[in-house]
**Q** 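Shown below is the structure under consideration.
Remember, it's 1-based here, ligands and their atoms both numbered in the order they're listed. Quick note: numbers below take in every heavy atom, side chains included, and nothing from hydrogens, waters or symmetry partners.
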Amino acid sequence: MLECSPVYKTSNTMTIIDNLANSGWVLLLLAAVIGACFGSFITLLAHRLPRDEPVVATRSRCPQCHTPLRSRDLVPVLSYLWSRGQCRHCALRISPRYLMIELVTAVCFVLLVWQFGLSTQAGILVLLAVCLIALIVIDFEHYIIPDSLQVAMIVLGVAYCFVMERVIDVYIVGALVGLLIGLVLRYGFLWLRNKDALGMGDVKFLFVVGLWLGAKPLVPFLFIAGLLGIATSLLWRALRQGALFPFGPALAIAMVICLLWPELPALFWQADRWVGVFR
Ligand SMILES: [Zn+2]
């Protein structure tokens, strides 16, 4: 319901935001477009962060013929479709991965805005989604989680605590417990099996997860992450036949599941009532 109260008439910006918030599909369309642009930015991050290249200073180039990309090559989704997935100069095939990242990010933006509306909460969550998608792409390709992404997610996590009026102590304890679990798992595996099962990037990311979830949901989180990790390792063996597989994507997806469905960790804690195992 849009009411033209005198308050809104005095501020054009407020009227625009208010109209957008009231016209659902326009807002979702806008979220999709902005999401696709951020998807394009993720591709840039995924290429430059692991190589320690500056993120914004230079123009993107074709990796084969080095022709700088022009603005019409940079329109998310549409550029890929127009050029039929090829560089316009040297016809290098561009991986459909880029298109997929843009589409996935657009879908995440739409779902988050649909769920949380035009709010600061949605704003922080879409930025977290950008970091997590970049983390998944980079870890799959380079087996690392860049520190800059971790720092961004820590800043967003603290901001989320303030916006949602969370008791920040609970989440700082969560972060420390996450870090401790990470260190125990890493050095436990190294000591017991002489195996580098959990990289330092994963350990630091467990700190981030604890900061976002708090300590108690970390138990069901680890359970879900473990299951997803097994699925990833099986997929990895099927695809590349390598023993080493990235664990970051499983951690990231488990974190999203626990964050968006807080009832799930609660159900996990109540599971003993149904099963009667722990009585
Ligand atoms: Zn080219």
**Q** Check the hydrophobic clustering (I, L, V, M, F, W, Y; side-chain heavy atoms under 4.5 Å; chains of links allowed) and say if W212 and V167 are grouped together.
**A**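 Both belong to a single hydrophobic cluster.
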
**Q** Taking only residues two or more places apart in sequence or in another chain, which ones pass side chain to side chain donor-acceptor pair (under 3.5 Å) with R97?
**A** E141

**Q** List-wise, which protein N, O or S atoms are found short of 2.8 Å from the Zn ion (ligand 1)?
**A** C62 SG, C65 SG, C87 SG, C90 SG

**Q** So that I know where these two stand, are F109 and F38 an aromatic pair - ring centroids less than 6.0 Å apart?
**A** yes

**Q** Counting heavy atoms not belonging to R51, are there more than 12 under 6.0 Å from its CZ?
**A**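 Correct, the count exceeds 12.
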
**Q** What is the distance from atom SG of C131 to atom CG of L45, rounded to the nearest 0.5 Å?
**A**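 Taking SG in C131 and CG in L45, the distance rounds to 8.0 Å.
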
**Q** Does a sphere of radius 6.0 Å around CE in M100 hold more than 12 heavy atoms from other residues, nucleotides or ligands, not counting ones at 6.0 Å or beyond?
**A** no

